[in-house]
Amino acid sequence: MDQRPILFFDSGVGGLSIVGPARAALPDAPFVYAADSAGFPYGTKSEAEIAARVPVLLGRLAERYRPRLIVIACNTASTIALPVVRAALDLPVVGTVPAIKPAALLSKTRTIGVLGTEATVRQAYVDDLAARFAGDCTVLRYGSAALVEMAEAKLHGRPVAPARYAAVLDGLFSQAGGDRIDVIVNACTHFPLVEAELAAATPGVRFVDGGPGIARRIVHLMQGESWSGAAEGIAVFTRLGDDECALGPALAVRGFTRIEQL
């Protein structure tokens, strides 16, 4: 049987929040998880840097692993580089977008928070999503590089003080009208990894992310495809040092038992 994998790409471990629902939906599919550890983090980089870097890396990954489908499991990379990647590669490419539409459907106060990286929340693409799907809502945004680092720390097994999560959320709640927020969009794939900690810091507020929707999209594109059973999951890093090797246990419980360097 055709054992070509589905490849997930992110700057760090955030894309694992997309892997979870995708694995539940397609338990027999072989997965490759690629992290651009040498370029991490993306959220503080310029659009030009990301637009130049991501297509080149995905071209190399496609050549090595011959995937059936690529998932750019990174909001920042998707909002900046997705059209270029799709034009360059002759295979399906799925991006991740802030889950503003489901947030608008859930909000009772009509005030939504969008929590992402600095690069994501300033994109015109987010303006368009808000206008199309949340036109009757107040949409407040906040970009946090610190929260990306906190999510990475959690998967490395390093403790993070609860007050740090509250401080990040204050970036939304302290804005005019922020006290009315009842739904927050985790607009960075790293952030669902610390959703429990965020929810504990702001009881009563709901969090949504794009993981379930991306999983449904993958299933739709893979209709009619079959696998003989999940092969060994591979995690590949653009830089493989002690920090990346320390992620071994967190990767293994998600099915990635082999680690390689690109």
When you look at Val93 and Leu82, which way does the side-chain contact (heavy atoms from CB on, under 4.5 Å) test go after all the steps? CA-CA 8 Å; Val93 181; Leu82 183 59; 3.7 Å; yes
### Task
Given side-chain contact (heavy atoms from CB on, under 4.5 Å), test Leu251 with Leu16 step by step and report yes or no.
CA-CA 9 Å; Leu251 291 167; Leu16 293 173; 4.2 Å; yes
Carefully, step by step, assess Val54 and Ile80 under the rule side-chain contact (heavy atoms from CB on, under 4.5 Å). CA-CA 9 Å; Val54 171; Ile80 294 170; over 6 Å; no
_Candidate pair Thr202 and Ile181, rule side-chain contact (heavy atoms from CB on, under 4.5 Å), full reasoning_ = CA-CA 10 Å; Thr202 179; Ile181 292 173; over 6 Å; no
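In this structure, CG on Leu61 lies 5.5 Å from CG on Leu7, to the nearest 0.5 angstrom. Residue Ile70 holds its CD1 atom at 5.0 Å from CG of Leu58, rounded to the nearest 0.5 Å. Here CG of Leu106 is found 8.5 Å from CG of Asp182. Values are rounded to the nearest 0.5 Å. Atom NZ of Lys108 and atom CZ of Arg206 lie 7.0 Å apart (nearest 0.5 Å). The CG atom of Leu140 sits 5.0 Å away from the CD atom of Gln175 when rounded to the nearest 0.5 Å. The line from CD1 of Ile100 to CZ of Phe133 is 9.0 Å long, rounded to the nearest 0.5 Å.
Side-chain heavy atoms closer than 4.5 Å link hydrophobic residues (I, L, V, M, F, W, Y) into clusters, and following such links, even through other members, never connects Ile234 to Phe8. Hydrophobic clustering, with ILVMFWY side chains joined whenever heavy atoms are under 4.5 angstrom apart, groups Tyr165 together with Val148. If you chain together hydrophobic residues whose side chains sit under 4.5 Å apart, Val13 and Leu240 fall into the same group. One hydrophobic cluster holds both Phe31 and Val94 under the rule that ILVMFWY side chains link at heavy-atom gaps under 4.5 Å. Ile6 and Tyr33 fall within the same hydrophobic cluster, defined by Ile, Leu, Val, Met, Phe, Trp and Tyr side-chain heavy atoms under 4.5 Å apart, directly or through other members.
Using modelled atom types, no side-chain atom of Glu195 and backbone atom of Phe191 make a donor-acceptor pair closer than 3.5 Å. Judged by distance alone, the side chain of Glu152 and the main-chain N or O of His190 form no donor-acceptor pair under 3.5 Å. When atom types are taken as modelled, the side chain of Ser78 and the backbone of Ile72 share a donor-acceptor pair closer than 3.5 angstrom. Using a distance-only test at 3.5 Å, with no hydrogens or angles considered, a donor-acceptor pair links the side chain of Lys45 to the main chain of Pro41. In this structure a side-chain-to-backbone donor-acceptor pair under 3.5 Å is missing from Arg66 to Arg4. Formation of a donor-acceptor pair under 3.5 Å by the Thr238 side chain with backbone atoms of Ser37 is found in this model. A donor-acceptor pair under 3.5 Å links the side-chain atoms of Arg110 to the main chain of Ala104, judged by distance alone. Between the side chain of Glu149 and the main chain of Ala145, no donor-acceptor pair closer than 3.5 Å is present. Looking only at distances, no side-chain donor or acceptor of Thr111 sits under 3.5 Å from a matching main-chain atom of Thr138. Put simply, the side chain of Tyr42 never gets that close to the backbone of Ile50: no donor and acceptor are under 3.5 Å apart.
Inter-residue side-chain proximity for Phe173 and Ile184 is flagged as met; some heavy-atom pair is nearer than 4.5 Å. Within the 4.5 Å cutoff, the side chain of Phe40 has no heavy atoms near those of the Asp243 side chain. A 4.5 Å side-chain heavy-atom check between Arg53 and Glu49 finds every atom pair outside the cut-off. Between Cys74 and Thr76, the closest side-chain pair of non-hydrogen atoms falls below 4.5 Å. Put simply, the side chain of Leu115 reaches to within 4.5 Å of the side chain of Leu169, judged on heavy atoms. Between Pro67 and Leu91 there is a side-chain heavy-atom pair separated by less than 4.5 Å. Taking the side chain as every heavy atom from C-beta outward, Met150 and Glu197 never approach each other to under 4.5 Å. Under the 4.5 Å side-chain criterion, counting only non-hydrogen atoms from C-beta, Gln261 is not in contact with Glu244.
Between Thr117 and Cys188 the shortest heavy-atom distance is CG2-SG, 3.9 Å. Among all heavy-atom pairs drawn from Val126 and Pro98, the shortest one is CG2-CG, 4.2 Å. Heavy atoms only, all atoms of each residue included: Ile112 and Ser107 are closest at CG1-CB, 4.1 Å. Contact record, Pro21 with Ser17: CD-O, 3.1 Å, taken as the closest heavy-atom pair. Taking each heavy atom of Ala103 and Val208 in turn, the nearest pair found is CB-CG2, 3.8 Å. The nearest pair of heavy atoms linking Pro30 to Trp227 is CD-CD1, 3.0 Å.
Counting non-hydrogen atoms of neighbouring residues, nucleotides and ligands closer than 6.0 angstrom, the NZ atom of Lys101 reaches no more than 12 such neighbours. Shown here is Arg60, whose CZ atom has no more than 12 heavy atoms of other residues, nucleotides or ligands within 6.0 Å. The local environment of CG in Asp136 is crowded, with over 12 non-hydrogen atoms from other residues, nucleotides or ligands closer than 6.0 Å.
Both the sub-6.0 Å distance and the 45° axial angle are satisfied by Arg23 relative to the ring of Phe256.
The side-chain contact (heavy atoms from CB on, under 4.5 Å) check on Ala24 picks up nothing, with sequence neighbours excluded.
With 3.5 Å as the limit, one finds no donor-acceptor pair spanning the side chains of Asn75 and Thr120.
Look at Arg122 and Glu47 and you find a salt bridge, because one of the NZ, NE, NH1 or NH2 atoms lies within 4.0 Å of a carboxylate O, short of that distance.
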